[in-house]
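Just so it is clear, the model here is predicted, and its values are computed rather than measured.
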Amino acid sequence: MYSFMGGGLFCAWVGTVLLVVATATDHWMQYRLSGSFAHQGLWRYCLGHKCYLQTESVAYWNATRAFMILSSLCATSGIVMGILAFAQQPTFTRLSRPFSTGIMFFASTIFVLLALAIYTGVTVSFFGRRFGDWRFSWSYILGWVALLMTFFAGIFYMCAYRMKECRRLSTPR
C-alpha cells in the first residue's frame with residue numbers, strides 16, 4: 001500500500017510542478033510573423049525579444065486559463081491529502097484518504113484535459129488557416145505530460161485504496 005502511495009506522491013509532485021510551469025510560461029505556441037519568430041502563452045505573447053500582456057478577453061484563452069488553474073489547485077490539494085494519507089489514524093471512518101486523494105488527481109486530470117482540448121481545438125482551427133508556419137511549443141507539451149502524471153498519481157492512489165480495503169476486509173473482527 002505504501003509503495004503505491006509513494007509512487008502516487010512522486011507522480012503528483014512531478015505533475016503539479018509541470019502544471020504550474022506550463023500555466024505560467026509563454027511558450028504554448030510558436031509562429032512566424034512578418035519574417036520574425038513569435039511565441040505566445042496563456043498570459044503573454046512575445047514578438048522577437050519583446051513581450052506584451054494579452055489584454056483582450058478571448059473566451060478560449062479564459063477557459064484554458066481557468067481550467068489550468070483549477071487543475072493546479074486540485075493537484076496541490078491532492079498532494080496535501082496524499083501526504084496526510086500516510087498517517088495511520090483515520091479522521092473520518094467513511095472517507096478514505098487514499099480514495100479521496102485519487103479523486104482529486106482524477107479531477108485535476110479532467111481539468112487539464114479540458115484546458116488542452118479547448119486550446120488545441122481553437123488553435124488548430126484558427127492558426128491553421130491564418131499562419132502556415134506555426135507549431136505547438138514546449139509549455140503546451142508540458143501540459144500533456146502533466147496530464148499523464150496526474151492521471152497515474154490517481155491510479156496509484158486508487159490501487160493503494162484497493163489494497164487497504166482488501167486488507168481491512170481480510171482481517172478477522
Are Trp28 and Tyr119 an aromatic pair, judged by ring center distance below 6.0 Å?
yes
Just wondering, do Phe156 and Cys11 contact through their side chains at under 4.5 Å, heavy atoms?
yes
Give the C-alpha distance, both sets of side-chain angles, the deciding distance and a yes or no for side-chain hydrogen bond (donor to acceptor under 3.5 Å, both in side chains) between Tyr140 and Thr120.
CA-CA 9 Å; Tyr140 173 81; Thr120 303; 2.4 Å; yes
Do Trp43 and Val20 belong together in a cluster built from hydrophobic side chains that touch within less than 4.5 Å?
no
Take atom CH2 in Trp13; do more than 12 heavy atoms of anything else shown fall under 6.0 Å from it?
no
Heavy atoms of Met29 and Thr123 approach each other most closely as SD-CG2, 3.5 Å
Just verifying a value: how many Å separate Ile83 CD1 and Arg97 CZ, rounded to the nearest 0.5 Å?
12.0 Å
I would like to know whether Ser108 and Ser71 meet side-chain hydrogen bond (donor to acceptor under 3.5 Å, both in side chains); could you show each step before the answer?
CA-CA 4 Å; Ser108 176; Ser71 178; 2.9 Å; yes
Ring centres under 6.0 Å, that's the criterion: do Phe136 and Trp138 meet it?
no
Linked, directly or transitively: Val58 and Val122 (ILVMFWY side chains, under 4.5 Å):
yes
Is there a path of hydrophobic side-chain contacts, each under 4.5 Å between heavy atoms of I, L, V, M, F, W or Y residues, that connects Phe111 with Met104?
no
Which heavy-atom pair separates Leu42 from Thr23 by the least distance, and what is that distance?
CD1-O, 4.2 Å
Would you say Phe151 ends up clustered with Met81 if hydrophobic residues are merged whenever their side chains have heavy atoms under 4.5 Å apart, either directly or through other cluster members?
no
Over 12 non-hydrogen atoms of neighbours within 6.0 angstrom of CZ in Phe10
no
Exercise: identify the closest heavy-atom pair between Thr16 and Ala75
OG1-CB, 3.2 Å
